[in-house]
Amino acid sequence: MADNARAKRLADLIREVVAQKLQRGIKDPRLGSHVTITDTRVTGDLREATVFYTVYGDDEERQAAAAGLESAKGILRSEVGRAAGVKFTPTLAFVADALPDTARTIEDLLDKARQSDAQVREASAGAAYAGGADPYRKPGAEDGAEAEETDDTTE
């Protein structure tokens with residue numbers, strides 16, 4: 001089993017090689033400049049690598065890019081083997097990264113929270129306090145405060 005530092009170095013190398021090859025070496029029109037390699041993870045035994053990618057575009061372009069990556073898997077793996085110089089070249093699995101969808105969901109939730117805050121601000125614009133501006137008792141301000149002092153002295 002390889003150490004984590006070696007797996008990390010191999011993952012970084014795979015990410016760079018795949019990104020460069022997609023940018024310059026593969027002529028597939030489905031894999032244009034709208035495919036971005038975001039992360040790569042390698043198993044502890046250095047046998048399998050998972051390459052995460054994002055596609056700028058709609059669902060149709062995402063499906064086309066997934067098919068293009070699947071068809072270019074052999075070329076990319078041989079290029080990784082040539083660059084890595086390891087005994088066994090890891091198999092490549094391409095997975096669409098969920099980061100953009102997650103970020104979009106978070107942005108939508110933040111927009112809803114901003115709208116809710118604005119509605120609360122509008123509703124409370126002319127409102128007054130229910131029990132006065134300062135609801136706390138001040139010593140000596142009311143008769144109830146003197147009664148509390150007499151209870152303390154009897155103990």
Side-chain angles (χ1 to χ4, degrees), residues 1-139 148:
M1 192 150 270
D3 59 323
N4 288 338
R6 185 172 179 200
K8 175 87 170 108
R9 284 193 310 268
L10 183 60
D12 291 342
L13 178 72
I14 291 171
R15 186 183 67 232
E16 291 174 15
V17 168
V18 169
Q20 287 176 358
K21 191 67 174 173
L22 286 176
Q23 189 72 18
R24 296 189 192 113
I26 296 182
K27 304 286 190 234
D28 194 344
R30 300 174 290 185
L31 300 174
S33 60
H34 57 276
V35 175
T36 304
I37 304 299
T38 56
D39 193 19
T40 306
R41 295 187 184 144
V42 178
T43 58
D45 60 356
L46 306 178
R47 295 286 179 143
E48 298 173 8
T50 305
V51 180
F52 295 93
Y53 68 94
T54 60
V55 179
Y56 183 73
D58 58 357
D59 288 336
E60 185 178 312
E61 290 176 350
R62 288 185 193 123
Q63 291 173 354
L69 286 171
E70 198 63 34
S71 70
K73 187 184 288 190
I75 297 169
L76 294 172
R77 184 174 180 213
S78 64
E79 194 66 31
V80 165
R82 194 174 300 128
V86 292
K87 183 176 182 179
F88 181 80
T89 303
T91 58
L92 300 178
F94 292 97
V95 177
D97 199 353
L99 183 68
D101 296 333
T102 305
R104 193 174 311 115
T105 303
I106 291 173
E107 283 297 322
D108 291 344
L109 291 173
L110 288 173
D111 286 340
K112 287 179 185 176
R114 286 184 198 109
Q115 291 172 359
S116 175
D117 287 348
Q119 290 173 354
V120 168
R121 243 181 268 117
E122 289 174 10
S124 66
Y129 293 106
D134 190 9
Y136 300 106
R137 294 184 188 174
K138 304 285 190 257
E148 289 176 9

Ignoring hydrogens and angles, write down the donor-acceptor pairs under 3.5 Å from the side chains of residues 75-88, residues two or more places apart or on other chains.
residue	atom	partner	partner atom	Å
Arg77	NE	Thr89	O	3.3
Arg77	NE	Pro90	O	3.2
Arg77	NH2	Thr89	O	2.7
Ser78	OG	Gly74	O	3.4
Ser78	OG	Ile75	O	2.8
Glu79	OE1	Arg82	NH1	2.8

Spacing of [X] atom [atom1] and [Y] atom [atom2] [to the nearest 0.5 Å]:
X	Y	atom1	atom2	answer
Ile106	Asp111	CD1	CG	12.0 Å
Arg104	Asp108	CZ	CG	8.0 Å
Gln20	Ile26	CD	CD1	12.5 Å
Thr102	Asp97	OG1	CG	8.0 Å
Tyr53	Thr36	OH	OG1	11.5 Å
Arg15	Leu10	CZ	CG	11.5 Å

Derivation and outcome, side-chain contact (heavy atoms from CB on, under 4.5 Å), residues Ile14 and Ile37: CA-CA 10 Å; Ile14 291 171; Ile37 304 299; over 6 Å; no
NZ/NE/NH1/NH2 to OD/OE distance under 4.0 Å, Asp117 and Arg114: no
So Leu99 and Thr38, do their side chains get closer than 4.5 Å, heavy atoms only? no
Do any side-chain atoms of residues 59-68 form donor-acceptor pairs under 3.5 angstrom with protein atoms, and if so which ones, sequence neighbours left out?
residue	atom	partner	partner atom	Å
Asp59	OD1	Arg62	NH1	2.7
Arg62	NH2	Gly57	O	3.2

Report the C-alpha separation of Leu92 and Leu69 in whole Å, then their side-chain angles, then the decisive distance to 0.1 Å, and conclude whether the side-chain contact (heavy atoms from CB on, under 4.5 Å) test is met. CA-CA 10 Å; Leu92 300 178; Leu69 286 171; over 6 Å; no
